[in-house]
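Just so it is clear, the model here is predicted, and its values are computed rather than measured. Read the numbers this way: they start at 1 and go in the same order the structure lists the ligands and their atoms.
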Amino acid sequence: MGLKGRDLISIRDLSREEIEEVLKASRRMIPIAEGTKPSSALEGKILTLAFFEPSTRTRLSFESAATRLGGHCVSISDAAQSSVRKGESLYDTVHMLSSYGDAIVLRHPNEGSARLAAQTSEKPVINAGDGAGQHPSQTLLDLATMHEAFGTLSGLRVALLGDLKYGRTVHSLAHALAMFGVELVVSSPPGLGLPEEVREHLDQLGARVTEVDQIHRAVRDVDVLYVTRIQKERFGDLAEYEKVAGSYRIDRAVLAGAKPRLIVMHPLPRTGEIAPEVDATPHAAYFRQAFLGVPVRMALLSLILTGKAG
Ligand code: CP
């Protein structure tokens, strides 16, 4: 069916073949993302970035992607500087934005907001994170990182460590990995396990999921260690956050028992879950992962806005 003109609200909106198409296109985009090859694939296109929650990587990598392809961006990067501050609804905001550009990239604190925006907008909407819901373009770059490291996704064993309850990146990623037949190991502080809906969905997909309670056991025998921070901003009661804050940390000692080719990933920002000493090890993949956000989002924008893979 192709991605042209489509919304991307949940990773479940994409088939395995469509994900593979984006990953393949993204590999060809790497020289453009690095600035060594020019492109005008998005000439004349305007991307609207509407961010109502903080972001560094997602917003700037979308902006970099559109700009490297010859397109332009208009943006709301601070809700306090927009008319939301005056009480304008998301419905009205998105209605306006859909006439100011060719696609909207939306980040919003409310789960379901991106789906609502897509129903309102005449232009494609890409969900850049809706509360604790989904973050599908993050999943595409996560998969690209694993594929680049191992040349394949099938047969991998991936550990998801951290706040699996509120971490939207893992909600999206777990689905995609299950679609590719990847075996999952999950480990989280008490009370921060995968939501029931996500667990049931993984069961329906026939995913192999093993739960472990010790960080050392999560690291052993996996190819990828995907670490997430505890999403402090999603806790209703800060005292509950304090109970789990700092309860896990990846350092050289933890990685001593890992496979030599293990890669450590993190959607970032990190807030102490990965010690800086890991950066200098061959395991550290999180900065490469953040870079790959640019070519992956180039591929996605190109397919959605033009129907062509570059
Ligand atoms: N990975 C991610 O979503 O990072 P930002 O919050 O900086 O966009």
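Between Lys232 and Glu240 no salt bridge is recorded (no basic side-chain N to carboxylate O distance below 4.0 Å). A salt bridge between Glu21 and Lys24 is absent, with no side-chain N of the basic residue lying under 4.0 Å from a carboxylate O of the acidic one. In this structure, Arg115 pairs ionically with Asp13, as a charged nitrogen and a carboxylate oxygen lie closer than 4.0 Å.
His283 and Arg261 form no side-chain donor-acceptor contact under 3.5 Å, judged by distance and modelled atom types alone.
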List below, pair by pair, the N or O atoms of ligand 1 and of the protein that are less than 3.5 Å apart, including the distance to 0.1 Å; reply 'none' if no pair qualifies.
from, atom 1, to, atom 2, distance (Å)
ligand 1, 1 (N), Gln138, OE1, 3.0
ligand 1, 1 (N), Pro267, O, 2.8
ligand 1, 1 (N), Leu268, O, 3.2
ligand 1, 3 (O), Thr58, OG1, 3.0
ligand 1, 3 (O), Arg107, NH2, 3.0
ligand 1, 3 (O), His135, NE2, 3.0
ligand 1, 4 (O), Arg57, NE, 3.2
ligand 1, 4 (O), Leu268, O, 3.4
ligand 1, 6 (O), Arg107, NH1, 2.9
ligand 1, 7 (O), Thr56, N, 2.8
ligand 1, 7 (O), Arg57, N, 3.0
ligand 1, 7 (O), Arg57, NE, 3.2
ligand 1, 7 (O), Arg57, NH2, 3.0
ligand 1, 8 (O), Ser55, OG, 2.6
ligand 1, 8 (O), Thr58, N, 2.9
ligand 1, 8 (O), Thr58, OG1, 2.7
ligand 1, 8 (O), Arg107, NH1, 3.4
ligand 1, 8 (O), Arg107, NH2, 3.3

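By the salt bridge (charged side-chain N to carboxylate O under 4.0 Å, His left out) test, Asp92 pairs with no residue at all, sequence neighbours left out.
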Could you walk me through whether Glu273 and Thr271 pass the side chain to side chain donor-acceptor pair (under 3.5 Å) check? CA-CA 6 Å; Glu273 313 79 44; Thr271 53; 2.5 Å; yes
